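Working notes, beginning with the structure itself.
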Amino acid sequence: MSIMIKSNQEIAAMRQAGRILATVLETLKSQVRPGMKTKELDIITTKELEKLGAKPSFKGYRGFPANLCVSVNDEIVHGIPGERVLHQGDIVSLDLGTIVMGFQGDAAVTVPVGKVNSAAKHLMETTKGALEAGIRAARPGARLGDISAAIQDYAEEKNGYRVVREYTGHGIGREMHEEPQIPNFGSPGSGPVLKKGMTLALEPMVNTGGCSTRLADDHWTVLTADGSLSAHFEHTILITDAEPEILTTIETGSLCQRKRLSRSRGQ
Ligand code: MG
């Protein structure tokens with residue numbers, strides 16, 4: 001397996017793709033509301049990307065018909081935006097890919113539609129926490145399995161949910177999907193060694209019920225087989241000398257630096 005090491009120039013392009021992506025996701029988060037059709041989110045995405053100067057990467061990928069994936073409640077990933085109306089209490093996963101100067105960013109968030117119940121809230125917080133646990137494990141000299149194990153441990157052992165097996169995170173760069181595949185489960189100490197300059201998209205998909213999935217009749221939307229709720233969080237990160245840099249963010253700096261900053265601000 002060959003995992004590419006990115007040059008500084010390539011990383012600069014990915015940083016820009018990531019910052020624009022994060023900006024669009026923030027806009028979408030602020031616009032999500034009950035009564036809205038999911039296709040409205042795709043329309044906003046298209047406009048914002050054009051305004052900010054990044055190309056969308058999902059439309060046309062193996063024939064996917066939209067710029068944004070919108071997956072509601074028991075939909076895990078790859079939902080096609082359309083006529084579906086969002087209701088108070090739904091949770092909605094927004095997954096977006098961008099390209100700047102030929103290099104990609106990929107990120108996702110799950111957000112509440114209006115007021116949601118505590119079970120939905122806990123699932124979203126846990127899935128975000130699982131992503132952060134994976135990011136913290138992504139240090140030079142560690143192995144890929146350390147990331148997978150950290151995500152699984154957080155979601156399954158610590159919080160009693162199940163991670164999806166059939167869909168994984170991935171290397172990313174000039175291509176949206178590069179080597180390696182990054183499962184959200186695995187053994188610490190296994191797999192390739194992480195090196196400075198690798199760029200990876202980590203993306204835990206976490207279900208309140210079982211981990212089995214099914215494909216909808218549209219051949220895209222992936223749902224939980226048992227109808228349980230699912231959440232999805234994703235960041236594109238860069239392996240550095242120390243803690244990883246999150247590329248799909250508006251803020252600069254690492255996760256730990258930001259946490260320290262927000263603590264000192266009393267947030
Ligand atoms: Mg991805």
Side-chain angles (χ1 to χ4, degrees), residues 1 3-4 6 10 13-15 17-22 24-25 28 41-42 45 49 54-71 75-81 92-100 102-111 124 127-128 130-135 137-138 144 147-148 150-152 155 163-186 194 198-207 213 215 220-223 230-239 244-249:
M1 181 169 12
I3 305 175
M4 272 181 271
K6 269 72 180 185
E10 291 169 338
M14 290 183 72
R15 208 173 266 133
R19 191 164 300 142
I20 292 173
L21 196 166
V24 177
L25 284 183
L28 291 171
L41 295 166
D42 189 53
T45 301
L49 285 177
K55 278 192 221 156
S57 62
F58 290 175
K59 196 181 247 175
Y61 181 84
R62 296 184 181 170
F64 189 77
N67 290 327
L68 182 73
C69 293
V70 183
S71 308
E75 297 175 349
I76 302 167
V77 283
H78 305 164
I80 300 173
V92 59
S93 301
L94 309 169
D95 189 355
L96 178 61
T98 55
I99 306 174
V100 168
F103 284 84
Q104 306 248 356
D106 192 0
V109 290
T110 302
V111 297
M124 289 188 289
T127 309
K128 190 166 186 240
L131 172 60
E132 290 173 356
I135 292 171
L144 197 66
I147 297 177
S148 301
I151 291 171
Q152 182 178 23
V163 295
V164 171
R165 266 63 176 171
E166 291 103 319
Y167 300 86
T168 68
H170 48 91
I172 179 167
R174 201 177 282 282
E175 303 298 328
M176 176 163 44
H177 295 132
E178 298 184 349
E179 294 288 347
Q181 279 197 10
I182 311 170
N184 293 306
F185 61 99
L194 303 175
M198 290 177 175
T199 45
L200 308 171
L202 310 188
E203 50 177 322
M205 290 149 254
V206 179
N207 302 344
T213 69
L215 195 62
W220 273 108
T221 312
V222 180
L223 299 105
S230 188
H232 178 210
F233 280 83
E234 177 177 22
H235 269 308
T236 299
I237 64 164
L238 167 71
I239 307 296
E245 178 183 339
I246 298 171
L247 298 176
T248 41
T249 183

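In each ligand, atom 1 is the first atom listed, and ligand 1 is the first ligand listed. Source: prediction; values computed, not measured.
Atom OD2 is the N/O/S atom of Asp106 found closest to the Mg ion (ligand 1). The atom of Glu203 nearest to the Mg ion (ligand 1) is OE2, with the search restricted to N, O or S atoms.
In this structure, OE2 of Glu234 and NE2 of His170 enclose an angle of 100° at the Mg ion (ligand 1), rounded to 10°.
The shortest distance between side-chain heavy atoms of His235 and Glu132 does not fall below 4.5 Å. Two residues are said to be in side-chain contact when any heavy atoms from C-beta on lie closer than 4.5 Å; Leu96 and Leu49 meet this criterion.
His177 has its ring centre less than 6.0 Å from the ring centre of Tyr61.
With rounding to the nearest 0.5 angstrom, the CD1 atom of Ile172 is 10.5 Å from the CG atom of Leu202.
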